[in-house]
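This report concerns only the one structure given below.
Quick note: residue numbers are just sequence positions, from 1. FYI, side chains are in, hydrogens and waters are out, and symmetry mates aren't considered; it's all heavy atoms of this structure.
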Amino acid sequence: MTWQQLILIFLVVTVAYVVFGMVGFGTALIATPVLAIFIPVSKIVPLLALMDMIAALNNILRDGRKADVDELKRLIPLMMVGSLIGSAILLKSRPDILLLGLGIFVVASSLYSLSGLSPKKKFQPRAAIPFGIIGGVFSALFGSGGFIYAIYLSGRIEKNENLRMTQTTLIGISTLTRVILFGLAGIYGDVHLLMLTLILAPAMLCGVLIGRHITIRLTREQFIRLINVVTLFSGLFLISHYING
């Protein structure tokens with residue numbers, strides 16, 4: 001890569017982790033389209049998984065006590081079940097149509113929430129069952145289940161910081177699982193991939209710090225609107241990926 005390309009990647013990764021610092025997910029949405037120009041797609045997923053894990057760990061060490069433990073106890077087992085289902089689907093079939101279906105659902109859900117027509121009521125705890133399992137399925141299939149958890153958690157948790165940290169903790173656990181699997185597969189034996197991770201680590205840490213400080217200053221309504229905007233673009237990204245794939 002040239003220095004100009006590295007600078008562009010550095011800036012894009014910074015922006016991606018500003019979003020991650022604010023809402024606890026969204027790095028693949030922001031970073032993948034640009035990274036794919038310079039880096040093989042097969043390297044992007046393990047690269048972002050490793051950086052997401054480090055970013056989540058950084059947030060957990062700083063603010064982990066603010067995560068909602070009850071919601072984590074509900075979602076983590078369901079997320080694991082969903083991951084197993086997603087892995088089985090990946091081995092036995094082509095999951096492309098699921099990608100399109102999820103994209104359409106997420107776009108419709110986000111537009112409905114942004115319209116102001118959605119009722120101002122909380123999800124019941126039992127709603128964790130479909131959201132947790134579906135989030136796990138799509139994390140295993142496409143590495144993109146964060147916005148599913150965000151839809152559920154934003155309908156359960158009132159305080160921005162508690163919502164952000166619960167989301168971040170879930171993403172941290174999900175990416176840790178993927179990093180372990182990538183490591184066992186020998187993917188992190190690629191020295192160039194590890195060097196790129198080290199080069200981009202300052203961008204990741206800077207972005208997370210900026211995002212955290214922005215979140216602190218947002219009202220509840222602004223924060224939920226931000227989550228809906230990010231999930232909307234996540235859905236559009238999935239539909240685009242299906243069409244172009």
Side-chain angles (χ1 to χ4, degrees), residues 17 19-29 49 52-86 102 105-106 109-110 112-113 118-179 208 211-212 214-216 218-232 234-235:
Y17 281 97
V19 174
F20 184 93
M22 288 190 292
V23 297
F25 68 101
T27 50
L29 166 70
D52 280 0
M53 185 190 72
I54 297 170
L57 179 60
N58 176 66
N59 280 343
I60 291 168
L61 290 174
R62 183 191 295 268
D63 298 316
R65 65 189 181 281
K66 297 178 181 177
D68 190 315
V69 176
D70 290 336
E71 295 298 345
L72 291 175
K73 287 179 179 177
R74 290 190 189 98
L75 286 171
I76 289 173
L78 295 165
M79 180 176 69
M80 297 301 179
V81 171
S83 295
L84 291 174
I85 295 171
L102 177 65
F105 167 75
V106 170
S109 175
S110 301
Y112 181 57
S113 296
S118 56
K120 305 297 183 183
K121 63 180 182 181
K122 296 177 66 174
F123 284 123
Q124 294 298 313
R126 62 178 176 272
I129 297 173
F131 281 105
I133 293 175
I134 293 171
V137 167
F138 282 90
S139 290
L141 289 176
F142 310 110
S144 56
F147 49 89
I148 300 295
Y149 307 132
I151 294 172
Y152 167 76
L153 291 173
S154 63
R156 289 286 300 164
I157 300 175
E158 290 297 328
K159 293 184 178 179
N160 295 355
E161 194 65 6
N162 299 123
L163 172 53
R164 183 182 71 88
M165 279 313 307
T166 307
Q167 176 77 23
T168 297
T169 303
L170 280 171
I171 296 302
I173 294 169
S174 177
T175 52
L176 174 61
T177 304
R178 274 185 284 154
V179 166
V208 169
R212 178 178 179 273
I214 292 173
T215 299
I216 291 172
L218 295 178
T219 65
R220 165 74 178 176
E221 290 72 22
Q222 291 171 330
F223 187 64
I224 296 301
R225 193 177 302 119
L226 175 64
I227 288 177
N228 284 318
V229 168
V230 176
T231 54
L232 171 62
S234 296

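Contact check for T27 versus V19: no side-chain heavy atoms found under the 4.5 Å cut-off. Side-chain contact between R212 and R164 is present, with at least one heavy-atom pair separated by less than 4.5 Å. Annotation: side chain of N58 is not in contact with side chain of I54 (no heavy-atom distance under 4.5 Å). Residues N59 and F20 meet the side-chain proximity criterion, which asks for heavy atoms closer than 4.5 Å. Looking at R225 and L218, their side chains never come closer than 4.5 Å, going by heavy atoms from C-beta outward. For the pair L75 and L153, the minimum side-chain heavy-atom distance is below 4.5 Å.
Across every non-hydrogen atom of G172 and A56, the tightest pair is CA-CB, 3.5 Å. Here the closest non-hydrogen pair linking S174 and M79 is CB-SD, 4.1 Å. Closest non-hydrogen pair, M22 versus G211, comes out as CG-O, 3.2 Å. The two atoms that bring V23 and Q167 nearest to each other are O-CG, 3.2 Å, heavy atoms only. Across T215 and N160, no two heavy atoms sit closer than the pair O-ND2, 4.1 Å. Nearest heavy atoms, R74 versus P125: NE-CB, 3.5 Å.
Rounded to the nearest 0.5 angstrom, I173 CD1 and S83 OG are separated by 11.0 Å. In this structure, T166 OG1 and L163 CG are separated by 6.5 Å, a value rounded to the nearest 0.5 Å. From K159, atom NZ reaches atom CZ of F223 across 14.0 Å, with rounding to the nearest 0.5 Å. With rounding to the nearest 0.5 Å, the separation of CG in L72 from OH in Y149 is 11.5 Å. I133 CD1 to I148 CD1: the interatomic distance, rounded to the nearest 0.5 Å, is 12.5 Å. To the nearest 0.5 Å, atoms CD1 (I60) and CE (M53) are separated by 10.5 Å.
Note on ring orientation: taking the six-membered ring where Trp is involved, the planes of F131 and F123 are tilted (angle from 30° to 60°).
Salt-bridge check for D68 with R156: failed, with every basic side-chain N at 4.0 Å or more from each acidic carboxylate O.
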